[in-house]
Every structure is written in C-alpha cells, then in structure tokens.
There are 2 protein chains.
Amino acid sequence: MPRPRTPLLDRGRIRAAALAAVDRDGLAGLSMRRLAADLGVQAPSLYSHYRTKDELLADVADDIVSAVDVGDFAADWVGGLRTWARSYRAALAAHPNLVPVHAAGPARRAAALERADAVHGGLVGAGWPPRYATMIGASTKYLVLGAAMSSFARGFEDDVQVYLDRYPHLDQAHRLREHAEEIDADSFELALDAFLRGLAELHARVRV
Amino acid sequence: MPRPRTPLLDRGRIRAAALAAVDRDGLAGLSMRRLAADLGVQAPSLYSHYRTKDELLADVADDIVSAVDVGDFAADWVGGLRTWARSYRAALAAHPNLVPVHAAGPARRAAALERADAVHGGLVGAGWPPRYATMIGASTKYLVLGAAMSSFARGFEDDVQVYLDRYPHLDQAHRLREHAEEIDADSFELALDAFLRGLAELHARVRV
DNA sequence: ACCTGAACACCGTTCAAGT
DNA sequence: ACCTGAACACCGTTCAAGT
C-alpha cells in the first residue's frame, strides 16, 4: 500500500471515531484495533497521531468539556454555579460511557483547567474565601459526576419479580427504567437546588 | 496435581484476594490470571466458583456496601440521610478503585438493595411523597458516588509549573494533592450539609 | 466437585520496513 | 511523515481431561 498523498488520518478524525465507538460499545468495548478498522487503517497507524490510548481518551474528554459554560459568574455566584453545573452535567450525560475518564480530573487537559480556573476565580470574586471556593468547586463536581455516571434509575432491573416480596419499599422500582432520563434529570435539579439553597445560607454566615 | 482433600479456593477467599488486588493495582490492573497466581492456582480454577469476572466484582462491591448504615431513619429523616451518606461515602472511599462497580447500581446485589429499600421506606415514613423519596435517594447517591470516585484534590498535578501563568486562579492548585484526603472529606461534609439544609426547607413546603 | 493444560479469540504497544 | 505486517506480552473464557 503506497503512502497516500493526503494523510488518511488526523487527530480530529480519530477523536470523532473514538467518541462514536465509546457511545456505541462502551468504554470497555473500545479497542485500538476496532477503532482503526472503523477508520479503514491498521491499529499501529493510530500511534503516529496519539502516543497511547489513554492520551486519546483524555483528549476526547477535553473536547466534551469545551461545551461547558463558566461565563455566568459575573452577575452572581449562585447563577454562575447553576449554569456551570447544568451545562457540565448536560455535556457529560450526553456521553455517559466516558464519565470515568472525566473523573480522573483535569490534570493537564486545557479545557478542563480553564473551567476549573474560571469557577475558582468566580467564587473568590464573589467573596468566598479561597478554601471555601475549592470545596464548593469540589462539591459541585461530585454532584455532576455522580449524576452523569451513576444513573440512579438505570441501576434497577425492570423485572418486577426481582424486588417483590423481599424489598417492600421497592415495589415500584421496576418502573424506574422507563422514566430513567426524566427521573435522573429531576433528581439532579432537586439536588442542585437544595445544595445552592444551603450554600446561600452558609455564604451569609461566612462573610460575617 | 491431585485434587486436594479440602478445596484450595472458596468464594470468600477469592473476593478477599480480588479486593486486595484492586486496592493495590487498580480496577484495570486486576486480571483473572494474576488473581489466580495470588491465590496459588491457575486462572481457569476461578471459574469453578464465579461464572465471570463481572460477577465476582459485583459480589466484592456488595461486601463493601454491607458496612453502610441505614438504621438512623427512625428518629428523623435528616439524621437518617446524614448517617447513610457518611457511612456510604466512608465505605466507598476506603476502596476508591472499586467505585465504578458501585456506580452500576444495585441491580440484583442483595446488600445494596436492602439499603435502597430502607432509605426509600425511611423517607416515605417521614412524610416525603414517594416521587421525592426516589429523587432524594438518587441525589444523595450522586453526591456519595461522585465524592468517592472523583477525588477532586487528586485530580491536579503537584508540579507548580503546570498551572502557573496560564491559570491565575489555580496558583495554589499544586498544593491540593498533599492535603487531598482532608480537602475531599471537608468538601463532602460541606456538600452534604448544604444539601440537607436545602432539603429541610423544601420539606416544609412540600408537606404544606 | 474442583483443578489443570491447552486453546480460542482477543488486547495495547513496539519496531523494522516500506513509500 | 505516515502507514504496514509481524511480533511481544498480555487478556477473559471454554473445554476436555484428570483426580
């Protein structure tokens, strides 16, 4: 096979194909060989563009985080946090199989670091002591990552018999799956609302 | 090799070795071959006791969940939630590499289902409508799983140079790692406190 | 019933060779 | 510079054979 005039691959095409494969087959279902096959090349060709599979996945995750909105801290910090959390959760929930990669932290991923920087700056600018800004950033991330990854509703089986008899309070649990998306979204909104409400109370006390 | 008088393996020993291996090498580092070697047998021997690696991991996860305390709902639901969330987070954080397995949901794991049942019953018994009880259970699980898995503080590098210049508000981020445990624990307490405070406000409104 | 060696169909990654 | 085939050191799981 002669080397083609224009390269067969580039990093963008590899990322797009990897994301599609992870959405389709799950994180465990992604292999460099299958990904290469999707792109019409052999597996080792990928290593001309990405040094490892992990580096590729980190880059895919950073693409997704680019859609997260941290621009609402100017007016008030509660609104800034709410916009951040909602857009963060929406971005992650669109590709739930990739959430474990986000969980690894920003480390050296540029888009993720820019967001962490903006959130911290927004909170400190609103009067939160740096230590609290760190904790609030962490807390919100816990909520978003937990919500995006764990899909409470999808964690139950839809077979009634599994829960009947032994778990009296779970007699409706088999119905969770069919409304999973709605329940997960509503649960996240409830959690965010309660959390921000509690934070606002705390804010008054911390400023003195 | 003759078959020994007493079996070399049993499910309990396999689970204990698997948990130790996951704590040591991470979830990705666990292989049935290495696990078998740790136990002094060949890999296929494991399949006389567990049908698949996934089934083994689900069982290990269920062992861990057995330590979670859901017995505090009798007096008041806020205290019940707090005890549940704290003991849940502590149990998971003791084996953070295993959190993705917990994230898969209770499904058919007995200990996990008993806890889900008790939490739902406790909340409904305290006057929450079933729909809210579901959402509160989900919300709390988001917080716990997110906190146990993502370790906000460990997500940053401890090299100063990585963040300097480009991310002005992250100028202290390289210090996060050395206080990671404390920061993660405090952040979780802050989140739980704010969340419960907000829920208490909501409770008053929902009961009318 | 429980354990073994051999085998099947996979992995991520490296490397010398081709253009 | 980019892609290839071959190879290395692994995987989870199955299965016939042993006791």
Side-chain angles (χ1 to χ4, degrees), chain A residues 1-62 97-98 100-101 103-104 107-109, chain B residues 1-62 97-98 100-101 104 107-108:
Chain A
M1 192 90 145
R3 173 187 166 217
R5 231 154 278 179
T6 54
L8 290 169
L9 296 175
D10 63 76
R11 287 166 69 99
R13 278 195 65 223
I14 294 174
R15 284 199 302 273
L19 181 57
V22 169
D23 284 343
R24 194 181 57 227
D25 308 321
L27 201 51
L30 178 75
S31 87
M32 295 300 264
R33 289 166 206 258
R34 286 171 52 123
L35 175 58
D38 288 348
L39 288 160
V41 299
Q42 300 299 316
S45 308
L46 298 170
Y47 291 84
S48 297
H49 302 267
Y50 276 105
R51 283 195 319 136
T52 63
K53 186 186 177 181
D54 283 348
E55 201 176 277
L56 165 58
L57 283 172
D59 230 24
V60 173
D62 215 41
N97 296 337
L98 210 65
V101 179
R108 291 159 185 269
R109 296 184 288 122
Chain B
M1 192 92 145
R3 176 189 162 211
R5 233 153 277 178
T6 54
L8 291 169
L9 297 175
D10 63 74
R11 288 165 68 100
R13 280 195 64 223
I14 296 174
R15 284 199 301 274
L19 181 56
V22 169
D23 284 343
R24 194 182 58 227
D25 309 321
L27 201 51
L30 178 75
S31 86
M32 295 300 264
R33 290 167 205 257
R34 286 170 54 123
L35 175 58
D38 287 349
L39 288 161
V41 298
Q42 300 298 316
S45 307
L46 299 169
Y47 291 85
S48 297
H49 301 268
Y50 277 105
R51 282 195 319 136
T52 63
K53 186 186 179 183
D54 284 348
E55 201 176 275
L56 164 59
L57 283 172
D59 231 24
V60 173
D62 214 40
N97 296 337
L98 209 65
V101 180
R108 290 159 186 268

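The figures here come from the full heavy-atom set of this structure, side chains too, leaving out hydrogens, waters and symmetry mates. We name chains A, B, ... by the order of the sequence lines, and we start the count at 1 in each one.
Between the side chain of Arg11(B) and the backbone N or O of His49(B), at least one donor-acceptor pair lies under 3.5 Å.
Among the nucleotides dC11(C), dC15(C), dC2(C), the one closest to the side chain of Ser48(B) is dC2(C). Counting only heavy atoms from C-beta on, Ala43(A) has its side chain closest to dT13(C) among dT13(C), dG5(C), dC11(C). In the set dC3(C), dG12(D), dT4(C), the nucleotide with an atom closest to the side chain of Arg33(B) is dG12(D).
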(request) Apply side chain to side chain contact (heavy atoms under 4.5 Å, CB included) to Val60(A) and Val22(A), showing your working. (result) CA-CA 10 Å; Val60(A) 173; Val22(A) 169; over 6 Å; no

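Between the P atom of dC3(C) and the CZ atom of Arg11(B) lies a distance of 13 Å, rounded to the nearest Å. We find that CE of Met32(B) is positioned 6 Å from P of dT13(D), with the value rounded to whole Å. We find that CG of Leu9(A) is positioned 9 Å from C1' of dC2(D), with the value rounded to whole Å. We find that NE2 of His49(B) is positioned 9 Å from C1' of dA1(C), with the value rounded to whole Å. The separation between Arg13(A) atom CZ and dC3(D) atom C1' is 14 Å, rounded to whole Å. Here the P atom of nucleotide dT13(C) and the CG atom of Leu35(A) are 12 Å apart, to the nearest Å. Rounded to whole angstrom, the span from the OH atom of Tyr47(A) across to the P atom of dG5(D) amounts to 16 Å. Atoms CG (Asp25(B)) and P (dC11(D)) sit 11 Å apart, rounded to a whole Å.
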(request) Using a 3.5 Å limit on both pairing distances, list the dot-bracket string of DNA chain C from the 5' end; Watson-Crick and G-U wobble pairs count, crossing pairs take [ ], interstrand pairs take |. (result) ||.|||||...|||||.||

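Leu39(A) comes within 4.0 angstrom of nothing in the nucleic acid, heavy atoms only. Among the heavy atoms of the strands lying under 4.0 Å from Ser31(A) are primed sugar atoms or P, OP1, OP2 only; no base atom is included.
Counting heavy atoms from C-beta on, the side chains of Leu56(A) and Leu35(A) come closer than 4.5 Å. For the pair Leu27(B) and Pro100(B), the minimum side-chain heavy-atom distance is below 4.5 Å. The side-chain heavy atoms of Leu19(A) and Leu98(A), taken from C-beta on, include a pair separated by under 4.5 Å.
Between dT4(D) and Ser45(A), a contact under 4.0 Å exists linking OP1 or OP2 to a side-chain N or O. At dC3(C), none of the side-chain N or O atoms of Gln42(B) fall inside 4.0 Å of OP1 or OP2 (strictly under the cut-off).
Between the OG1 atom in Thr52(A) and the CG atom in Leu46(A) there is a gap of 11.5 Å [rounded to 0.5 Å]. Between atom NZ of residue Lys53(B) and atom CG of residue Leu30(B) there is a gap of 5.0 Å, rounded to the nearest 0.5 Å.
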